[in-house]
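Residue indices begin at 1 and follow the sequence shown.
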Amino acid sequence: MDALLERRYAPGKKTYLSEAEEVQLKKMILESTPAQEGFEIEAYWNTRILQHVMEKTMCL
């Protein structure tokens with residue numbers, strides 16, 4: 001799981017999520033499904049749903 005969230009940025013680039021947001025997102029992925037979180041009826045997380053979640057809840 002950590003490898004999925006790990007990103008390497010060019011020097012001087014900022015990350016998209018704060019550390020607290022990363023922890024929150026990781027917990028949500030590990031402990032629930034998109035349907036339980038109110039995002040569609042999917043039973044598993046995929047990048048399309050994660051992008052939608054981050055846009056709606058983390059103001060990206």
Side-chain angles (χ1 to χ4, degrees):
M1 185 65 191
D2 289 334
L4 292 174
L5 294 176
E6 180 181 345
R7 292 186 177 207
R8 293 196 173 98
Y9 298 95
K13 294 277 183 173
K14 295 174 75 175
T15 60
Y16 291 105
L17 302 176
S18 68
E19 191 166 328
E21 289 171 329
E22 281 188 28
V23 169
Q24 176 187 3
L25 183 62
K26 184 175 179 178
K27 183 178 183 203
M28 182 174 32
I29 293 168
L30 292 173
E31 297 178 1
S32 66
T33 65
Q36 290 171 324
E37 295 292 330
F39 297 102
E40 306 185 30
I41 58 170
E42 300 289 337
Y44 61 91
W45 294 101
N46 61 42
T47 55
R48 181 181 51 82
I49 296 170
L50 290 173
Q51 181 179 6
H52 178 74
V53 169
M54 289 188 285
E55 287 173 350
K56 294 293 182 189
T57 62
M58 298 177 183
C59 302
L60 295 179

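Taking Glu31 as the reference, Lys27 meet the side chain to side chain contact (heavy atoms under 4.5 Å, CB included) condition, with sequence neighbours excluded. Listed by chain and residue number, Pro34, Glu40, Tyr44, Arg48, Ile49 satisfy the side chain to side chain contact (heavy atoms under 4.5 Å, CB included) test with Glu42 (two or more places apart in sequence, or in another chain).
The minimum heavy-atom distance linking Trp45 with Leu50 is given by the pair CE3-CD2, 3.6 Å.
Atom CG of residue Asn46 and atom NE2 of residue His52 lie 11.5 Å apart, to the nearest 0.5 angstrom. Rounded to the nearest 0.5 Å, atoms CE (Met28) and CD (Glu21) are 10.5 Å apart.
Crowding of Glu19 atom CD: a count of heavy atoms from other residues, nucleotides or ligands under 6.0 Å not exceeding 12.
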